[in-house]
Asks: 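The structure is given below, and queries will be raised subsequently.
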Protein chains: 2
Amino acid sequence: MFKLLSRTNVAGSEVSHPQPLAFQAGEKIGSRETTRELILNAAIRLFRERGFDETTMREVASEVGVALGLAYYYFPSKEALVMAYYERVQREHRIVAQQNLPHTRALRDRLAMLLNTKLDILKDDRKLLGALFRYTGSPDHPLSFLGKNTAPLRADCMSLFAEALEPERLPDDLRELLPLLIWALHMGVLLYFLYDASPNLRRTRRLVDGSVGLVVGFLGLAKSPLLRPVRRSVMTLLRDARLIPRS
Amino acid sequence: MFKLLSRTNVAGSEVSHPQPLAFQAGEKIGSRETTRELILNAAIRLFRERGFDETTMREVASEVGVALGLAYYYFPSKEALVMAYYERVQREHRIVAQQNLPHTRALRDRLAMLLNTKLDILKDDRKLLGALFRYTGSPDHPLSFLGKNTAPLRADCMSLFAEALEPERLPDDLRELLPLLIWALHMGVLLYFLYDASPNLRRTRRLVDGSVGLVVGFLGLAKSPLLRPVRRSVMTLLRDARLIPRS
DNA sequence: ATCCCTTATTGAACGCGTTCAATTATTCCC
DNA sequence: GGGAATAATTGAACGCGTTCAATAAGGGAT
């Protein structure tokens, strides 16, 4: 189907190969970005090994050899570490996706590729990814994945889905609607991934395949001019709810 | 449309009128249920007034006049207070729903009534309801609303939706599928409610109306024997994903 | 009434996320 | 080089959710 890029093929990957500590005891810590990166890398490594809640910020700071307060100088909270990491994941996913999209013709394959490569990147991250959902019910929290502060991240993710849809012949309303719907599906898949205890995430992968198939099938149906009033109703509803912008 | 029961009409309501402190300073605290209820009621009241995070467990205990540790004797965590409250909400909702269902014929009205009465009950609870979503990303946590410990609560909620669907002529597969789908919609509505800043939750109410309309419309379409293979695909997918039981 | 077992309650303490005043280091401009 | 401003770093402390050993209270059996 789509060409899986193996981990080693992602040049300069920030995510999959967190850099080892770049200095030894007694050596002076480098620049601002270096310290911040060190802390982030150490945190992600420890979160992966032990779990998010099971790792303390004291351990993270100690791992880098800095004072606890320094972690808070660079990151406003423990969860913000995970969010910073997820932003990296997003960046890496964009790179991978844009490498694969030119070689993937069928929409079904394109969408499946997007979801599966995301899962590939995140496959070792179940012990920390859940922390991203912590503020789901807190509308004003800066880290709420549905809140206004994360709107750029959402938009970025949706733009990837929009890119995958680009070659398709779609009515304008569907072209506008689908990135949101696929983003929502993608969030559902990530959630499912967290709950999936099957070997090698088999069930999650099958869910991806199956749901992408249904989306593409639904799309074939929904394109019909006969269903234009229905599409219009959906668009109206979502606009009223401010889930998509007013045109 | 449906008959709205006003708050005062719900006899013996546990939710809407948290009982005042049943004793005065120096008076001996009553039985186990009384103390537990006192703590829960005080907590919910304070959470409503101040917000969940803004209220400390020390304040809750102090409000009842007991030691901090006693709150933890009765409730395993701060969030567990909110979950206990939500279980009450569920019970009250069932009562209200079962009073209204016999007088509501059209499916659209039945579904809208279920969602709207839920919102009625929860309307003052935005400051605390978000806490229920805190463990969304923690599959093994007892309070995860998607986890196994909350399966009875989910099933109970879905059974209400199944009841609303009862009079409808539906193919078996749809009859099995729809409670889950409507439950998911209901969760989406609750989430939306948390984020909705419109006056009197206007936008949430409109979302309810609109989405119920779409569900009913979709249902009309989905019933068609022509779409049986699609329904079968959906059922297969959800069964494989273990989101509905295998038949 | 006494004893024993279970439940309820307490107050002190723990630990972790977070904060912050003080200090040190770095950078830029003259 | 010196001074000022800014950024980085520290270590101590706070406070809140949570825990727990000790104690008190309640209930049942003898």
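Every chain is numbered from 1 and lettered A, B, ... according to where its sequence line falls, protein lines coming before strand lines.
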Asks: Taking the minimum atom-to-atom distance to the side chain of B:L68, which one of C:dA13, C:dT7, D:dT9 wins?
Replies: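 In terms of side-chain proximity for B:L68, the closest of C:dA13, C:dT7, D:dT9 is C:dA13.
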Asks: Parallel, tilted or perpendicular: which one describes the rings of B:F145 and B:W183, with boundaries at 30° and 60°?
Replies: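 It falls in the tilted class, 30° to 60°.
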Asks: Does the pair A:E37/A:R88 count as a salt bridge with the N-to-O cut at 4.0 Å?
Replies: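 Yes, this pair counts.
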Asks: Would you kindly give the CG-to-C1' distance between A:D53 and C:dG15, to the nearest whole Å?
Replies: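 Result: 14 Å.
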Asks: Where the side chain of B:Y74 is defined as all heavy atoms beyond and including C-beta, which of C:dT10, D:dT9, C:dA8 is the nearest nucleotide?
Replies: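 Closest nucleotide to the B:Y74 side chain: C:dA8.
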Asks: Quick check: on DNA chain C, is the nucleotide nearest A:G69 upstream (toward 5') of the one nearest A:T56, or the reverse? Name the residue that is more 5'.
Replies: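 Of the two residues, A:T56 wins.
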Asks: If the cut-off is 4.0 Å, is A:Y73 near the phosphate of D:dT9, judged by side-chain N/O to OP1 or OP2?
Replies: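 Checking D:dT9 against A:Y73, no side-chain N or O comes under 4.0 Å of OP1 or OP2.
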Asks: Using a strict cut-off of less than 4.0 Å between a Lys/Arg side-chain nitrogen and an Asp/Glu carboxylate oxygen, indicate whether B:R45 and B:E63 qualify as a salt bridge.
Replies: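 Looking at B:R45 and B:E63, the cut-off is met.
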Asks: Search all heavy atoms of A:L115 against all heavy atoms of A:H186 and return the closest pair with its distance.
Replies: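 Closest approach of A:L115 to A:H186, heavy atoms only: CD2-CB, 3.7 Å.
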Asks: Any donor-acceptor pair under 3.5 Å joining the side chain of A:R58 to the base of C:dG17?
Replies: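 Flag set: donor-acceptor pair detected.
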Asks: Under 4.0 Å from OP1 or OP2 of C:dT19: is there any side-chain N or O of A:Y72 that close?
Replies: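 Checking A:Y72 against C:dT19: no side-chain N or O falls below 4.0 Å of OP1 or OP2.
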Asks: Measure from CZ on B:F75 to C1' on C:dT9 and round the result to the nearest Å.
Replies: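 In whole Å, C:dT9 C1' and B:F75 CZ are 15 Å from each other.
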Asks: In this structure, how many angstroms lie between the C1' atom of C:dG15 and the CD atom of A:E59, rounded?
Replies: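 Atom CD in A:E59 sits about 12 Å away from atom C1' in C:dG15.
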Asks: Given atom CE of B:M57 and atom P of C:dT9, what is their separation to the nearest angstrom?
Replies: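 Taking CE of B:M57 and P of C:dT9, I get 15 Å after rounding.
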Asks: Specify the separation, in whole Å, of atom NZ of B:K78 and atom P of D:dG15.
Replies: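 Answer to the nearest Å: 15 Å.
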Asks: Taking only the side-chain heavy atoms of B:V66 (C-beta and beyond), determine which of C:dT10, C:dT9, C:dC16 contains the nearest atom.
Replies: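 It is C:dT10.
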Asks: Nearest whole angstrom, please: distance from the P of C:dA12 to the CG of B:L70.
Replies: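 Between P of C:dA12 and CG of B:L70: 16 Å.
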Asks: Is there a side-chain polar atom (N or O) of A:T35 under 4.0 Å from OP1 or OP2 of D:dT9?
Replies: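 For A:T35, the contact criterion (side-chain N or O under 4.0 Å from OP1 or OP2 of D:dT9) is met.
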Asks: Please determine if B:D196 and B:R206 form a salt bridge, counting it only when a charged side-chain N lies under 4.0 Å from a carboxylate O.
Replies: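 No, this pair does not count.
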Asks: Roughly how many Å is it from CG in B:L38 to C1' in C:dA8, rounded to a whole number?
Replies: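 Rounding to the nearest Å, CG of B:L38 and C1' of C:dA8 are 14 Å apart.
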